[in-house]
Amino acid sequence: MQGTFVTFAVALALALGTASAGVVFDRECPTGIEAKQYFSVDQYLGKWYEMQRYESEFELNFDCVQVRYSLNEDGSVEVSNSAYNLFNGSSINALGRAVLSFPEEEIIQGKLNVSFFGAPNDRSNYWVLDTDYDNFSVVWSCEQLTPQQSEESFWVLSRTPNPITDRDILFRIHTIMRRYIDRAQVRFTRQLDDRCPVF
């Protein structure tokens, strides 16, 4: 439907809650994945643009993906995800809540519990593997489905809709991708199309 606005009970850039949100692999969740150390929630707040991702059922054919993080009065983070379908003009939006997974640790890691539409907020399902807060973020998640199958999600986020060109940043992103990511499953998100709305 042209120009419709649809709300799904699923997130976009953080789509990890109650629905299938990533790529299913015939393997266990990888171990030894290192999240960002000394992670700062305050520095992570604000607007991000999705640059790359593992495709998911609920993001299928959606581009112009943006996510906003803002602080709630209780110290949790409000998550607002938006995206636009360039083929049929539909938009989707999802609102959620994020909290640090292990706030009592001496060294805070970039591991968060994210849930949407009132779902239980009890899973460490959004891991920031690396970020400089000002330019980029690399995010990963994995959920064990069966002893032989797992579902992984992956995103590269940027503070601007423009492609990341800084060599040092690209090196950091590609280092993580070489270690943990199946590049054949990565999809680039269109952000510079004139039809992308301003959310």
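Note that the numbering runs from 1 along the sequence shown for the chain.
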Closest approach of [X] and [Y], non-hydrogen atoms and distance?
{"X": "P161", "Y": "Q191", "value": "O-CB, 3.4 Å"}
{"X": "F136", "Y": "D132", "value": "N-OD1, 3.1 Å"}
{"X": "S124", "Y": "N113", "value": "CA-OD1, 3.2 Å"}
{"X": "R68", "Y": "K47", "value": "NH2-NZ, 3.4 Å"}
{"X": "V156", "Y": "F154", "value": "CG2-CZ, 3.5 Å"}
{"X": "F116", "Y": "V114", "value": "CE1-CG1, 3.3 Å"}

Consider only side-chain heavy atoms of I, L, V, M, F, W and Y, link residues closer than 4.5 Å, and tell whether [X] and [Y] are in one cluster.
{"X": "M51", "Y": "L170", "value": "yes"}
{"X": "Y180", "Y": "V186", "value": "yes"}
{"X": "V99", "Y": "V41", "value": "no"}
{"X": "F39", "Y": "L45", "value": "yes"}
{"X": "L157", "Y": "L95", "value": "no"}

Is a donor on one side and an acceptor on the other found under 3.5 Å between the side chain of [X] and the backbone of [Y]?
{"X": "K36", "Y": "T131", "answer": "yes"}
{"X": "E28", "Y": "S150", "answer": "no"}
{"X": "S101", "Y": "K111", "answer": "yes"}

Can you tell me if CZ on R167 sees more than 12 non-hydrogen neighbours from other groups inside 6.0 Å?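 No.
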
Which value, rounded to the nearest 0.5 Å, describes the distance between [X] atom [atom1] and [Y] atom [atom2]?
{"X": "F87", "Y": "R195", "atom1": "CZ", "atom2": "CZ", "value": "8.0 Å"}
{"X": "Q144", "Y": "E151", "atom1": "CD", "atom2": "CD", "value": "11.0 Å"}
{"X": "W140", "Y": "I33", "atom1": "CH2", "atom2": "CD1", "value": "4.5 Å"}
{"X": "C142", "Y": "R27", "atom1": "SG", "atom2": "CZ", "value": "7.5 Å"}
{"X": "S158", "Y": "E50", "atom1": "OG", "atom2": "CD", "value": "11.5 Å"}
{"X": "C64", "Y": "I92", "atom1": "SG", "atom2": "CD1", "value": "11.0 Å"}

Quick one: do R53 and D63 make a salt bridge, cutoff under 4.0 Å?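 Salt bridge between R53 and D63, a charged N being under 4.0 Å from a carboxylate O: no.
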
What I want to check is whether the side chains of D74 and S76 have a donor and an acceptor closer together than 3.5 Å.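 Yes, a side-chain donor-acceptor pair sits under 3.5 Å.
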
Do Y44 and S137 have side-chain atoms, one donor and one acceptor, less than 3.5 Å apart?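 Yes, because at least one side-chain N or O of Y44 sits under 3.5 Å from a partner of the opposite role on S137.
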
Establish, for the pair R159 and W48, whether the NZ or CZ atom is under 6.0 angstrom from the six-membered ring centre and no further than 45 degrees off its axis.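 Flagged: R159 positioned over aromatic ring of W48.
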
Any heavy-atom pair between the side chains of [Y] and [X] that's under 4.5 Å?
{"X": "Y49", "Y": "N162", "value": "no"}
{"X": "I169", "Y": "R172", "value": "no"}
{"X": "L71", "Y": "V77", "value": "yes"}
{"X": "D166", "Y": "N135", "value": "no"}
{"X": "Y126", "Y": "S141", "value": "no"}
{"X": "W155", "Y": "E59", "value": "yes"}
{"X": "R97", "Y": "E78", "value": "no"}
{"X": "R123", "Y": "E143", "value": "yes"}

Walk me through whether D42 and S40 qualify under side chain to side chain donor-acceptor pair (under 3.5 Å). CA-CA 5 Å; D42 288 341; S40 169; 5.3 Å; no

Evaluate the criterion side chain to side chain contact (heavy atoms under 4.5 Å, CB included) for residue pair Q37 and Q109; output intermediate values, then yes/no. CA-CA 5 Å; Q37 304 292 294; Q109 300 183 68; 3.5 Å; yes

List the steps and the verdict of side chain to side chain contact (heavy atoms under 4.5 Å, CB included) for Q148 and D26. CA-CA 6 Å; Q148 292 79 34; D26 293 325; over 6 Å; no

